Amino acid sequence: MTVGIEQMTFYTPGFSLDMVELAKARGEEPEKYTIGIGQSQQSVLPNYEDVVTMGVNAAATLLKTVSTADIEMLLFGTESGVDNSKSAAIFAKNFLGLKDDIRAIEVKQACYGGTFALMQAKDFVSLHPDKKVLVIAADVARYGLHTPGEVTQGAGAVAMLISTDPKIAEINGDSVYMVQDEPDFWRPIDSDIALVDGHQSTDVYKDMFLSLWQRYKVQNQRSLSDFAGFAFHLPYTKMGKKALEQILPEVDEERQVALRKRLTESQYYNRLVGNLYTGSLYLSLLSLLDRSEELAAGDRIGLFSFGSGAEAELFSLTLTTGYQKVLSQQNVQEMLNKRRQLSLFEYETMFTSQLFDSSEDVRSEAPGQTGRCEFLGWQGHYRQYQYKK
Ligand code: CAA
C-alpha cells in the first residue's frame, strides 16, 4: 500500500512588496537582498487575513476537486496561531464544511509543525487506508519594520490531502529526525513579532541538515546520486544553497549542475513570496514540481524540514505518474502575478494595521464580496470571520 500526497494547493494574500524598494528604504544595497539573501518580493498580509483565512483559502481550492466525505482528520500546522486555546483547525473545519465526526487539531513547533502533521497523517492513513487527512501549513513570518529579518518576511498557506491514492507523490517511510534545544528563534506569548538570532539559526539549520544527511544515508543505504532533487525549508532562498552545497561534492560535476538547477527551480516561488514558516518547505516542493521540466515519475525528491528551537526531519518522496496534470489544476504563477505591489508607505501602514488587540470591538478592512475567507475583526473578544462558498 502506498500513502502520500493526493493533492496540494497554495494560497498567499493579494499584496506584495518589492525587495529592491525595501533595500533602498533601509539603506542597504539591493544585491544584498536579491542575491546575498535571495529574495525578490514578499507577500504582505492585510489586516483581514490570518492563518485561518489563508489556510481555508488554500484548502478550498483543493476541495473543489475532492470530496470532503472521506476526510477523517484535519491537522493544522502553524506558529502564528490566532488563539492561545482554540485551534485554528476548528475555525477552518467549520468554513471548509468538513463533517463533525472528525478530529481537528493545531500543531506547533516553529516551522517544523507542518511536517509533523504530514507524518501523523501518513501514519493515520497507513492504519486506516479508506480514510484521508487534510493537512494545512499556514503562517505569517513577521519580524518587524527596520529589523534584519524584515527582508525575510512573508505569508501564505499550503494545503495537502494525504491518502492511499497519492496522485502527486508517495511519502517514503525513510525519515530521520532530531531535536536539539537552541535559543535561536522564538516568539514570546505577548509579542506579535518573532525574536531571532538569524546567524545562529542559519548555523543550527546547516548543522542539523548535515547530521541528518549522514544518518539518512546509513539508515536507508542510499547516496546523493539516488536523488533527482531537493526541496528545503526556505526562510530565505540562499538558505537552501547553504545547506545543499555542503553535500554536493559527494557527486560528480554533471550531477552537481543538475542538482543546482533543481534547487533554483525549488526556490522560484519562495523568492517571490518570502518565508511562510510551516508552509515554506511545501511551497518549495510545489515550486520544484511546477518549474522543473526534467523531473519524471519515479524520481526521488529529498525534503528537509527545519523548525528553530530546534527540530528537523529529512525524508523523501517518490513522484507519481501524472503528477504534473494534478498540479496544473492550480496556476500559482497567475496568483503571484495578480498581487498588487505596494509602495513602501502602503506596506508599513498595512504592517502596523494588524488587529492583535481583542479588547476593543473593531472591524478589519475586509473588502467582502471576494469569495474568499476573511477576518472581519473583534466582537466580544471573539474573532469574527466571513466565508461564503
Ligand atoms: N551583494 C551580494 N551579497 C551581499 C551584499 C551585496 N551587496 N551584501 C551582503 N551580501 C551577502 C552577505 O555576504 C551574506 O551572504 P552569506 O550569508 O552567504 O555570507 C548575505 O548577503 C546576508 O548578509 P548578512 O549576513 O550581513 O545579513 P544580515 O546580518 O542582515 O542577516 C539574516 C541576514 C540572518 C538572514 C536575517 O535576515 C535574519 O535574521 N532573518 C530571519 C531569521 C532567519 O531567516 N534565519 C534563518 C534560519 S531560521 C529558520 O529556518 C526558521 C525560520 O523560518 C525563521
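Predicted, not measured: the structure shown is a model, and the values here were computed from it. Note that ligands are numbered from 1 as they come in the structure, with each ligand's atoms numbered from 1 the same way.
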Exercise. Report the nearest protein non-hydrogen atom to atom 41 (C) of ligand 1: residue, atom name, distance rounded to 0.1 Å.
Key: Thr152 OG1, 3.4 Å
Practice problem: Mark the output for Lys242 as yes if a heavy-atom distance to ligand 1 is under 4.0 Å, and as no if none is. | Solution: yes
Quiz item: Looking at ligand 1, does any of its N/O atoms fall within less than 3.5 Å of an N/O of Ser308?
Solution: no
Quiz item: Would Arg142 count as a cation-pi partner of Phe351, with NZ or CZ less than 6.0 Å from the six-membered ring centre and within 45° of the ring normal?
Solution: yes
Practice problem: Scan residues 257-288 for pairs that pass ring-ring contact (aromatic ring centres under 6.0 Å, His included), counting only residues two or more places apart or in two chains. | Solution: Phe185-Tyr277
Self-check item: For atom 54 (C) of ligand 1, the protein heavy atom that lies nearest, with its residue and separation
Solution: Tyr143 OH, 3.1 Å
Practice problem: Check Glu150 against ligand 1 and report side chain, backbone, both or neither, counting heavy atoms closer than 4.0 Å. | Solution: neither
Quiz item: Among Lys131, Lys122, Lys132, whose salt bridge (charged side-chain N to carboxylate O under 4.0 Å, His left out) with Glu6 holds?
Solution: Lys132
Quiz item: Would one find an N or O of Lys238, backbone or side chain, under 3.5 Å from an N or O of ligand 1?
Solution: yes
Quiz item: If only atom types and distance count, is the side chain of Gln39 paired as donor or acceptor with the main-chain N or O of Asn270 below 3.5 Å?
Solution: yes
Quiz item: Any idea which part of Asp197 is under 4.0 Å from ligand 1, heavy-atom wise: side chain, backbone, both or neither?
Solution: neither
Self-check item: Heavy-atom nearest neighbour in the protein, as seen from atom 22 (C) of ligand 1, with distance rounded to 0.1 Å
Solution: Ile37 CG1, 3.8 Å
Quiz item: Going by distance only, is there an N or O of Lys32 that falls short of 3.5 Å from an N or O of ligand 1?
Solution: yes
Self-check item: atom 36 (C) of ligand 1: nearest protein contact (heavy atom, Å)
Solution: Pro148 O, 3.5 Å
Quiz item: Are any of the N/O atoms in Asp184 less than 3.5 Å from those in ligand 1?
Solution: no
Quiz item: Under the 4.0 Å line, does any protein heavy atom show up next to atom 51 (C) of ligand 1?
Solution: yes
Practice problem: Among all protein heavy atoms, pick the one closest to atom 35 (C) of ligand 1 and tell me residue, atom and distance. | Solution: Tyr236 CE2, 3.4 Å
Practice problem: Would you check the N or O atoms of Glu29, main chain and side chain alike, for any that come under 3.5 Å of an N or O of ligand 1? | Solution: yes
